[in-house]
Amino acid sequence: MTLTADAETLSPIYIFRRFFADRYLQGNGIEVGALNHPLEVPVSTHVKYVDRMSVPDLRKHYPELADVNLVPVDIIDNGEVLGTVDDESQDFLIANHFIEHCQNPIQTIENLLRVIKKDGILYLAVPEKRICFDRDRPVTSIEHLLQDYQQGPEWSRQNHYQEWVELVEKEKDESKAEWMVKELMRRDFSIHFHVWTAPDFVDFLITLKQQLGFPFTLEKIFDNANELISIIRKI
């Protein structure tokens, strides 16, 4: 699928995204959670889009997306697991502004790498917490992420929603805040469960490689204004 350029894709942020896509992406791959912001890729590539819901269900779940163009969902699957995607079947995988929505980021990256062929590319962009609505939230520690990976994320799930309501939604009324937390959990609403500054995310990737032995090399780290682009090659 080739996307035509518009005013947004001509902005510096999207120009650099496309630059790295042109340089590193080739063959057949998937993009997880693209919604209305798919990565513009070289014409020689072929991308299938993965999301946890169909397009109509996504519009119901996220009312703010009701009137925007969404990419077609080719594969309905939990992007954190990719249970329907075969091991080492993809030349590349794109996950932009996705990993912060994952309750178990380490396990998610493990699964993303699982479906990529050796020498394939994982293209990640994560928001810089200091330049978005997460600015007042504490950086997620490596210890926290390791505990999510080793014990599962249920131990911290409610606390994430409470932090979101307090520090992003800025809700001061305790009763209303309690209701909001319960409602977000009931809907399984996708918030930013974890947040990083650019240096902290680099430290996270280094931990995956050096402490957990994940099979990759860091090809490129690029500070792209309000996000960090990481080009990761599976080895």
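Hydrogens, waters and symmetry mates play no part in the numbers below; they use all other heavy atoms, side chains included. Quick caveat, the model's predicted, so the values are computed rather than measured.
Residue-environment remark: OH (Y62) exceeds the threshold of 12 foreign heavy atoms within 6.0 Å. The local environment of NZ in K170 is crowded, with over 12 non-hydrogen atoms from other residues, nucleotides or ligands closer than 6.0 Å. Within 6.0 Å of CG on D173 lie more than 12 heavy atoms contributed by other residues, nucleotides or ligands. Taking a 6.0 Å sphere around CD of E64, one finds it holds more than 12 heavy atoms contributed by other residues, nucleotides or ligands. For K209, the NZ atom counts as densely surrounded, since its 6.0 Å shell holds more than 12 non-hydrogen atoms of other residues, nucleotides or ligands.
Proximity of the aromatic rings of Y161 and F193 is defined here by a centroid distance below 6.0 angstrom, and this criterion is met.
The two residues R59 and V68 have their closest heavy-atom pair at NH1-O, 2.8 Å. The two residues T197 and K129 make their nearest non-hydrogen contact at CG2-CG, 4.2 Å.
Using bins of under 30°, 30° to 60° and over 60° for the plane-to-plane angle, the ring pair W196/F204 lands in the parallel bin. Ring geometry for F133 against H192 counts as tilted: the plane angle lies between 30° and 60°, on a 0 to 90° scale. Taking the six-membered ring where tryptophan is involved, the planes of F20 and F222 are tilted, since the angle between them lies from 30° to 60°.
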Is there a salt bridge (charged side-chain N to carboxylate O under 4.0 Å, His left out) between R52 and D188 once you walk through the steps? CA-CA 12 Å; R52 62 180 181 149; D188 193 23; 3.4 Å; yes

Any chance you could lay out the side chain to side chain contact (heavy atoms under 4.5 Å, CB included) test for N36 and N69, step after step, and finish with the verdict? CA-CA 6 Å; N36 57 322; N69 292 325; 5.8 Å; no

Could you walk me through whether T140 and D200 pass the side chain to side chain contact (heavy atoms under 4.5 Å, CB included) test, one step at a time? CA-CA 9 Å; T140 306; D200 288 301; over 6 Å; no

Passes ring pair (Phe, Tyr, Trp, His ring centres under 6.0 Å), H194 versus H101? Steps please. CA-CA 7 Å; H194 304 93; H101 289 274; over 10 Å; no

Can you check side chain to side chain contact (heavy atoms under 4.5 Å, CB included) on N104 and Y149, steps first, answer last? CA-CA 6 Å; N104 191 340; Y149 180 57; 3.9 Å; yes

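In this structure, the side chains of I94 and L25 come closer than 4.5 Å at one or more pairs of heavy atoms. Between E166 and E171, every side-chain heavy-atom pair lies at or beyond the 4.5 Å cut-off. Residues E80 and Q107 fail the side-chain proximity criterion, which asks for heavy atoms closer than 4.5 Å. By the 4.5 Å heavy-atom criterion applied to side chains, V85 and Q90 are counted as neighbours. N226 is not listed as a side-chain neighbour of P127, based on a closest heavy-atom distance of 4.5 Å or more. Considering only heavy atoms from C-beta on, Q26 stays 4.5 Å or farther from I121 through its side chain. Here the side chains of S190 and H61 are not in contact, with every heavy-atom distance at 4.5 Å or above. Looking at heavy atoms from C-beta onward, F216 lies in side-chain contact with L208 at the 4.5 angstrom threshold.
Salt-bridge annotation for K117 and E88: absent, with no side-chain N of the basic residue lying under 4.0 Å from a carboxylate O of the acidic one. No salt bridge links E110 with R114; every basic N to acidic carboxylate O contact stays at or beyond 4.0 Å. The pair K234-D119 fails the salt-bridge criterion, with no side-chain N (NZ, NE, NH1 or NH2) lying under 4.0 Å from an Asp/Glu carboxylate O.
Rounding to the nearest 0.5 angstrom, the gap separating the NE2 atom in H46 from the CG atom in D91 is 12.0 Å. Rounding to the nearest 0.5 Å gives a distance of 10.5 Å between CG of L70 and OG of S54.
Distance alone, capped at 3.5 Å, places no donor-acceptor pair between the R17 side chain and the I229 backbone. Judged by distance alone, the side chain of R135 and the main-chain N or O of C132 form a donor-acceptor pair under 3.5 Å.
For H144 and D148, the side-chain atoms include at least one donor-acceptor pair closer than 3.5 Å.
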